[in-house]
Amino acid sequence: MRRRAAVAVLAVAAGVALCADLVAGDRPLVLHRGGATDVWPDGPRGDALRAVLTADDWALWPPIARDPTAVRAAGAVAPLAPPSRGHLLGTDDRGRDVAARLVHGARTSLAIAAGAAAAATALALGLALLAVRAGGAVDAAVRVACDVVAAAPPLLTVIAVQGLVGARGLVPVIALLAIPRGADTARLARAGLRAALAAPWTEAARAAGAGRGRLLVRHALPHAAPALATAAAVTAATAVLAEAALTFLGVGAAPPTPSWGELLAQATAHDLGWWLALPAGIAITAVAWALLALARRDA
Amino acid sequence: MTRTILTRLAAAALAAWAAYVLAWALAEAAPGPAAERAARAGGVLPPDDAGTAPVRAALIARAEARFDLGGGAAARIARAGARAARLDLGASWRDGEDVAARLGPAVAASAAIAVPALVLALLVGAGLGATAAPRGRRARAVDAVAALAVATPPAWLAILGADAGGDGRLAAALVLAAAPAAVIAVHVRAALADFLASPAALAARARGAGGGRVLAVHGLRLALPGLAPLAASTAAYLLGTVAVVERAFALPGLGRVALDAAAAGDVPVLAAVAAIAGGAVALFTGAADVAARLADPRLREAA
């Protein structure tokens with residue numbers, strides 16, 4: 001039941017993130033104008049297009065027919081407007097549609113989550129394979145380095161490194177979130193690989209003539225895969241929460257990139273516009289919960 | 001035990017020094033000469049054009065002399081390491097204020113939130129875990145609430161807490177304690193559930209101990225060594241996340257100092273923050289190790 005709910009939440013979030021332009025935007029999905037019908041047409045959009053449509057023309061708009069970065073709706077700027085028929089979840093401090101920003105924010109959050117999970121898993125696999133393959137001093141060095149890096153407080157590390165190196169943007173955030181999680185995952189992967197290499201079936205494969213590389217990749221790695229999948233889900237959940245916290249602090253996604261954390265930051269700056277805080281908070285909690293629920297199941 | 005404590009303290013000091021030096025080394029990867037970045041952090045450097053070249057050069061030279069930034073990258077890093085070994089954290093590039101003087105009150109302000117949060121998390125987590133220890137509906141409820149608490153962004157909770165009004169520090173500590181308390185509750189519940197199914201619990205019951213005594217006296221004591229590393233990782237989590245509640249509740253502290261320094265590219269302050277983080281995490285880990293040895297005689301004998 002919990003797994004099904006988690007998969008459903010993640011499927012909806014991923015679908016919304018992948019199809020954000022089709023769900024929220026001011027570009028019509030289908031436009032019938034001057035006798036011709038275009039699917040996903042180029043040219044004028046939003047209010048500019050509405051103004052030139054005649055009685056014979058029609059357009060099929062996305063469910064949320066607002067651009068996430070447009071500050072004007074019907075020619076007017078309406079900052080911090082509560083929910084209405086024109087803006088289902090109200091507007092933010094610049095008059096941008098919150099529902100549209102929530103939809104496009106899913107893309108930012110999930111991109112960071114997927115990027116951090118993939119990078120952390122790749123780093124962990126590389127470190128674990130290196131440690132187990134080399135053994136001895138290299139193994140000890142990797143273990144100590146992983147212990148040290150994994151213990152670093154992630155938020156403070158991202159803030160400090162961004163300030164020290166002067167790197168801003170989503171890619172440094174993904175890298176800085178992935179490195180400590182990768183180090184943590186590498187410890188799990190290393191332990192899994194070592195346990196598998198000592199198992200009877202690996203001994204049997206060795207006796208049958210399998211080389212060390214083949215033993216690692218074909219026999220030990222599948223044994224460590226469930227732990228890696230669990231760690232990847234935890235990393236993704238951590239990244240969703242960290243992105244929200246970092247953007248809330250002003251060091252995550254840079255404006256005007258839509259982000260769930262940015263909506264939370266605006267809610268703080270403007271004395272709790274509930275329509276800013278509530279949907280973003282629910283979205284972050286739901287996605288993080290679903291990822292953690294999957295991780296728990298995998299474990 | 002005294003030797004263990006001294007070793008852990010030395011390790012924490014070494015970790016703080018290493019983090020400080022690493023921060024200076026990372027700062028060398030930033031674009032532009034160090035002296036120019038220092039002058040820019042001070043907010044006095046005019047835009048780079050032909051008319052301002054002499055003024056810029058003079059300001060950069062002054063920053064280089066004031067903050068001891070001459071020579072190559074390796075020399076700067078070595079000098080920073082030597083200063084840190086003498087407990088001299090230097091002056092802020094932004095306003096020239098002594099870094100130690102700035103960080104002292106900030107650390108105290110953050111500790112005033114994080115320490116009560118840690119105590120709350122341990123008490124509430126252990127209490128909830130103990131009450132839900134026998135497997136059943138209550139255990140499932142605690143697990144479900146814990147899963148939600150861990151998944152809830154602290155920033156969101158902080159926004160809701162800030163709107164509720166009241167004492168900012170107390171509300172900030174409550175918000176900060178929510179996720180760690182949930183993790184501790186699940187850990188304690190699982191550990192106590194395992195204990196209740198063990199022969200040790202059966203023996204305690206056979207000697208006439210009641211359900212509460214079996215849990216509180218025998219079970220919690222066995223769960224404590226496992227709780228020590230969790231408390232250490234919780235402290236490290238609080239150290240990072242305190243910045244979020246400080247921002248939401250408009251409170252001063254280490255997080256705000258770090259954010260201001262990061263925005264200005266103030267390397268001495270950021271390096272000192274890194275040293276505090278590195279030293280604190282090593283200290284928490286060492287304290288957890290000592291606490292686990294105190295609680296579990298087997299660990300003392302193994303050492």
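Chain A is the first sequence line, chain B the second, and so forth, proteins listed ahead of strands; every chain is numbered from 1.
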Chain A contact via B:Val267 - side chain, backbone, both or neither, heavy atoms under 4.5 Å | both
What residue, out of A:Val240, A:Val287, A:Ile284, has the most heavy-atom pairs lying under 4.5 Å from chain B?
-> A:Ile284
Just by modelled atom types, is the A:Ala277 backbone N or O under 3.5 Å from a matching donor or acceptor in the B:Trp156 side chain?
-> yes
Heavy-atom closest contact (A:Phe248 atom, B:Val244 atom, distance) = CE2-O, 3.5 Å
Can you tell me how far CG of B:Leu157 sits from OG1 of A:Thr285, rounded to the nearest 0.5 angstrom?
-> 7.5 Å
Roughly how far apart are B:Glu28 CD and A:Leu164 CG, rounded to 0.5 Å?
-> 10.5 Å
Among B:Ala155, B:Pro153, B:Ala274, residue most engaged with chain A (heavy-atom pairs, under 4.5 Å) | B:Pro153
Okay, B:Ala147 and chain A: the region with an atom under 4.5 Å from a heavy atom over there is both
Heavy-atom closest pair (A:Leu241 atom, B:Ala151 atom, distance to 0.1 Å) is CD2-O, 3.3 Å
For A:Thr268 and B:Arg247, work out which heavy atoms get closest and say how close.
-> CG2-O, 4.4 Å
Part of B:Val242 within contact of chain A (heavy atom distance under 4.5 Å) = neither
Considering only heavy atoms and a distance below 4.5 Å, find which of A:Thr238, A:Val158, A:Ile282, A:Leu246 pairs most often with chain B.
-> A:Ile282
Go through B:Val269, B:Leu259, B:Asp266, B:Leu239 and name the one with the most non-hydrogen pairs under 4.5 angstrom from chain A.
-> B:Leu259
Greatest number of heavy atom pairs closer than 4.5 Å to chain B - which of A:Val161, A:Ile159, A:Thr157 | A:Ile159
Quick one: pull up CG in A:Asp147 and OG1 in B:Thr285 and give me the separation to the nearest 0.5 Å.
-> 9.5 Å
Minimum heavy-atom separation for B:Ala243 to A:Leu249, with atom names?
-> O-CD2, 3.5 Å
